[in-house]
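Take a look at the structure below.
Chain letters run A, B, ... following the sequence lines, proteins first, then strands; residues in each count from 1. Values in this document were obtained by computation on a predicted structure and should not be read as measured data.
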Amino acid sequence: MKMTTKKIATLLPALATLLSALPLCAAVTVQCPGDTNGDAQWTGAEVQPANTQCLHLAAGDGFATMADGHLQYLFSFKDVTGVPPQQVMSAGALAAELPGPTIKMKEGSHVYLNLTNVGMMMRPDLFDPHTVHFHGFPNAAPIFDGEPMASISINMGSTLTYYYRAPEPGTYMYHCHVEATEHMQMGMLGNLYVTPLQDDLPDGTLLGSHTHHPDPDANGPLPGDRYVYNDGDGSTRYDVEFPIQIIGFDSNFHDQHIGVQPLPFAGMKDNYPMLNGRGYPDTVNSASLPAPVIDGEPGVVSQKVSAKVAARVGQKVLLRISSLATVDFYTMTVLGIPMKVVGKDARILRSSSGQNLAYSTGSVTLGGGESCDVILDTAGVSPGTYFLYATDLNHLSNGPEDFGGLMTEIELTL
Amino acid sequence: MKNLLTRCALRLLPVLVFLAFGTGAHAAIDGLTGTTFNLTAKAGYLSTAEGGSYLMWGYANGSSPMQFPGPTLIVNQGAVVTVNLANELSVPVSIVFPGQSGVTANGGAAGVITREAPAAGGSVSYSFTAAQPGTYTYYSGTNSDLQVEMGLVGALIVRPTGYSESNKIAYNHPDSQYDREYLFLLSDMDPTVHEKVAAGLPVDNAAWWPVYWLMNGRTAPDTMTPANNPLLPHQPYNCMPMMHPGDRVLLRMIGAGRDLHPFHVHGNEHKVIARDGRLLSSGAGANLAENLFTSTVVPGATSDAIFSWTGAKLGWDIYGFTHATQPAYCDAAGNPTASYPADRMSQTAADRCKPIPVALPNQTDLTNGQFYSGSPYLGTLGSLPPGEGGYNPNSGYMFMWHSHSEKELTNNDIFPGGMLTMMIIEAPGVTLMNP
C-alpha cells in the first residue's frame, strides 16, 4: 500500500467539490429532544428529557496500525457527539475509529442515534451510503434496522436519525450493513450493550438471597452492585465490565481497497485477528494507540478501545464478548480463572421455568454475530497476570508476525 | 457496487412476480410424503445466481431430474420407511440416515459404512422405523467427502404422533407448535471440485476452498425466487419464509456442508427448541430452549427453532395509525379507541397511535433498498423515486436472514449473493403465498 499525505491533501478539495454538488437539501441535521444547537448534547439552558440518550456518529474512512506496524485503510465510525453540525463533516473526515465508539444504553431509554455519512476521503470514486445495524435488537422494524435492502441508508453529506427504545439488557453489537461483506471487513463495527433496570434498585432491595447495594463500598474492592440481566437473584452480579469484540482483517482486502483494485471477496482470509481493533501486545495498552503514521505524518488517533482487563482480587469481572469477524469462528479461553457463562446473545441463561442454566467452562466459541457474557470470579485467585486468548492458536499472530493476535491480559491486583 | 445492486435487482424480477401473483398454495415444506421412496442417484447441473453452471450428483425422485438438495422426505412418527436407491452414476453410492436407529440395508454391494448401490444401474434398499420426530438429514455414505460436496444430501422430516394441519407441532409437545415451517439446508461449495469431476481429474479434498454458499441448494438471490422455478430445473426448493405478526415460524436448520455457519435472523431472536431431532428438554417441554439472535449451524447436525415477531416495545405504532391519519382508531390525545383493529394488537398497547419520534431525511439524501416499501409503517406503501424499491408489493416488513460470516454473502467473488434470503412479515389480512 502506497499513499502520500500529498495525495490526501489533493483529495480534500475533491470531496468538498463532490459534497457541494449534492442537492441543497443535503445537510447534517441532528435530532435530539431538548438539544437546540444540534450537537446531540445538553449544555447550558438545554434540558435533557428523562430517560433520553443522544449520540452522533460519523461514518467514513480512516487508518489503523496493526500490532506489527502494518498500516491498514478502513471504514468505520467516529463519535462526533458534541460537535456542532457545521463542523461534523470536517471532524469526521479520515477519522474513523477501530472499533467504532462503544455504545452503552440503559434498558428502556429513548435513544436517538444520529448517523452522518461524511464520505470516504481516500476513495472519492465511491458514493456508498451507510447505516447502523443494531445487531440483535428484538422485534426490530426495518426502518431502524439498517439492513439496506429492506430499508433506507444515508447518503454522503446527510444525517439519518435512528430511534430505539433500548431493549432487553445484554451484550449486542453494531455494524454498518451496507454492502455488508465489504463494509464489515473494512471495520464498520463496534461494541454495544444494554444495562438492566435492576442496577437502579434502591439500596437494600432483596433479590432472592442477595441484598442490592448500589453505592461504592469504601472498605473493599466492590464498586457497587451491577448486573448483566434483570436476574431477580443477583446471579449475574459483577463489579467491573469489559466489552471485548473479536474482529478480523484480511490485509490483502484492505490493501487492494486503498489501491482502488477489485475487491478479493472469494479469497478473503483474515490474517489480523483482533480484540477491540488491536492485536497483542497492543491489546494491553490501556490508552489509545498512537495515531497511525501515514507516509511519515501522524493521522488521527483511531484505536481508542483497549482490550486490557484490570481488576482487583475478589471482584467479579464481566467480559462482554462479541464477534463481528467476517470469516472465521474463534474460541476464547482464560488461563487460570474459571469462566462462567451467564448469558448468550443478550439473553440470560435460564430455562423456561426459571432454572439457572449458567455454566462454568474453559472456553467459549463465537461465530460472527454471536455474543456471550462471561463472569470471572476472582475470589481466591492469586494476584498476577492472566491471559485471555484464542485457542485457535494459529490466530495468535499479527499478519506475518507469528506472535500476538487474539490475546490480551487480565491484570489482577490486591 | 451500485451496478451490482442493479444486477441483483434485475435478478429479483421473478420475486416480484411471485409476490404479486403467487404460485398457488402448497402445504408446508416442499417434499415427498409417504413411507416408500424411490430415489435415483444421477447427474445434473447446478445454476448459481451470477451465471455459473456446475456438475452435480444428486438424489432424484424416481425418474425426475436430479435435484439438489435431494427430495425432502416427510414421514410420520412410527412409520416403517423404505428408501429404494437406484444408481445411474458411474460410481457406487449409498445413503446413511444419521439419527435413525435400526436401519437395515438390503441388496446392492457391501460398502465401508453401509451397503451401496453399485455403479451404473445398481440398486440398494434401506429400511428403518421413524421412531422419533424431528429434523434429520440423509446423505451418501460412500466417499462422503466427495459425494456430499457433489450434492448427494437431503432432509428428512419426521412428523410427531398427533401432528395434523390443525395441530402443527414439530415434536410431541405444545412448545413445538408452529404456524409455518421452512427448511434451511445450508451448504458450501468449491466449484473446482465439480470441474475436476466433470473433467475426470483427481480431486484434492484438502485443497477445498468454497466460494459459493447455498440455502436449500440455491445461491442468493435465487433463494427468493419461487419453488419449482423452471429456470432452476435441478434446484426445486426456494427459501423465502413469510409470516404475519404474532405467527410462530419453525426453522428446520441443517448443516449440509463442511463449515460452521453463524446464521443470523434479522427482526428478532429465534428460540432453538431442538437439536439433532431431540427437544432441548429436561423433562418439561422445550424448557432448555435457547434464545439466540445468531445460531451456529453445524455440519451434519440439525436444529429446530421458533421465530416470532410482534413489533412489541418499539415505542411507536408499527401501522402508523395516529389521530391525524386514523381518527377512528386514535383519539385526539393520541390514545387508541375501542375501534382500534383487533388484528393489529400484537404491538405493545402503549405504542398504539404513537408516530415515529424522528423525522426521516429527505428522499434525495437516502438510498432506498429494493425491498423497502417507501414507508416505515407495516402495510403502508410510500412514494419512492423511479427505479427504487418495487420488490415489496404488499409493503411488508422484510428482514434479511443470512450467514453472519459475511464473506459467505457472495457468489464466486461477487457481492451480494450466497447464503442469504429475505423473511417477509406481511400486514394482517395480506395473503401469504406459501402458507
(request) Identify which part of B/T410 has an atom lying under 4.5 Å from any heavy atom of chain A, answering side chain, backbone, both or neither. (result) side chain
(message) Measuring centre to centre across the rings, with the benzene-like ring taken for any Trp, is A/F134 within less than 6.0 Å of A/Y164?
(response) yes
(message) Using the ring centroid of each side chain, check whether B/H270 and B/F263 are separated by less than 6.0 Å.
(response) no
(request) Please state whether the side chain, the backbone, both or neither of B/V211 comes within less than 4.5 Å of a heavy atom of chain A. (result) side chain
(message) Between B/H261 (side chain only) and B/D259 (backbone N and O only), is there a donor and an acceptor less than 3.5 Å apart?
(response) yes
(message) Is B/Q347 close to chain A through its backbone or its side chain, or both, or neither, when contacts mean heavy atoms under 4.5 Å?
(response) neither
(message) In this structure, is the centre-to-centre distance between the rings of A/H135 and A/Y174 below 6.0 Å?
(response) no
(request) Side chain from CB out, backbone as N, CA, C, O: work out which of these in B/S295 comes under 4.5 Å of a heavy atom of chain A, or both, or neither. (result) backbone
(request) Go through B/Y54 and B/Y212 one step at a time and tell me if the ring-ring contact (aromatic ring centres under 6.0 Å, His included) criterion holds. (result) CA-CA 11 Å; B/Y54 298 100; B/Y212 290 106; 5.4 Å; yes
(message) Out of A/P148, A/S352, A/A150, return the one with the most heavy atom pairs under 4.5 angstrom to chain B.
(response) A/A150
(message) Among A/F137, A/F144, A/Y112, which residue has the highest count of heavy-atom pairs closer than 4.5 Å to chain B?
(response) A/F144
(request) Measure distances from B/I318 to the heavy atoms of chain A and classify the residue's part below 4.5 Å as side chain, backbone, both or neither. (result) neither
(message) So for A/F329, is it side chain, backbone, both, or neither that comes closer than 4.5 Å to the heavy atoms of chain B?
(response) side chain
(message) Quick check on A/L366 against chain B: is it the side chain, the backbone, both or neither that has a heavy atom closer than 4.5 Å?
(response) neither
(message) Among A/D35, A/L113, A/V28, A/T161, exactly one meets side-chain contact (heavy atoms from CB on, under 4.5 Å) together with A/H56. Which residue is that?
(response) A/V28
(request) With a 4.5 angstrom heavy-atom cut-off, could you sort out which part of A/T131 is near chain B: side chain, backbone, both or neither? (result) neither
(message) How about NZ on B/K313, more than 12 heavy atoms from neighbouring residues, nucleotides or ligands closer than 6.0 Å, or not?
(response) no
(message) At a 4.5 Å cut-off on heavy atoms, which part of B/L378 comes close to chain A: side chain, backbone, both, or neither?
(response) neither
(message) Need one label for A/A180: side chain, backbone, both or neither, based on atoms under 4.5 Å from any heavy atom in chain B.
(response) both
(message) Before we go on, tell me: are the rings of A/H133 and B/H266 under 6.0 Å apart, centre to centre?
(response) yes
(message) Ring centroids only, cut at 6.0 angstrom: are A/H177 and B/H402 within range, meaning strictly under it?
(response) yes
(request) Answer yes when A/E168 and A/R347 have at least one side-chain N-carboxylate O distance shorter than 4.0 Å, and no when they do not. (result) no
(request) Establish, yes or no, whether a centroid distance under 6.0 Å links the rings of B/W316 and A/Y163. (result) no
(request) Select, from A/G136, A/S151, A/S323, A/P167, the one with the greatest count of heavy-atom pairs under 4.5 Å involving chain B. (result) A/S151
(message) Between A/G368, A/S371, A/G367, who has the most heavy-atom pairs with chain B when the cutoff is under 4.5 Å?
(response) A/G368
(request) Side chain from CB out, backbone as N, CA, C, O: work out which of these in A/H183 comes under 4.5 Å of a heavy atom of chain B, or both, or neither. (result) neither
(message) Does any backbone or side-chain atom of A/M268 lie under 4.5 Å from a heavy atom of chain B? Answer side chain, backbone, both or neither.
(response) both
(request) Taking atom NZ of B/K354 as the centre, report whether more than 12 heavy atoms of other residues, nucleotides or ligands fall under 6.0 Å from it. (result) yes
(message) Heavy-atom cut-off 4.5 Å, strictly under: side chain, backbone, both or neither for B/L420 against chain A?
(response) side chain
(request) Could you tell me which portion of A/L357 (side chain, backbone, both or neither) has an atom closer than 4.5 angstrom to a non-hydrogen atom of chain B? (result) side chain
(request) Pick whichever of A/P138, A/S153, A/P129 has the most heavy-atom pairs under 4.5 Å with chain B. (result) A/S153
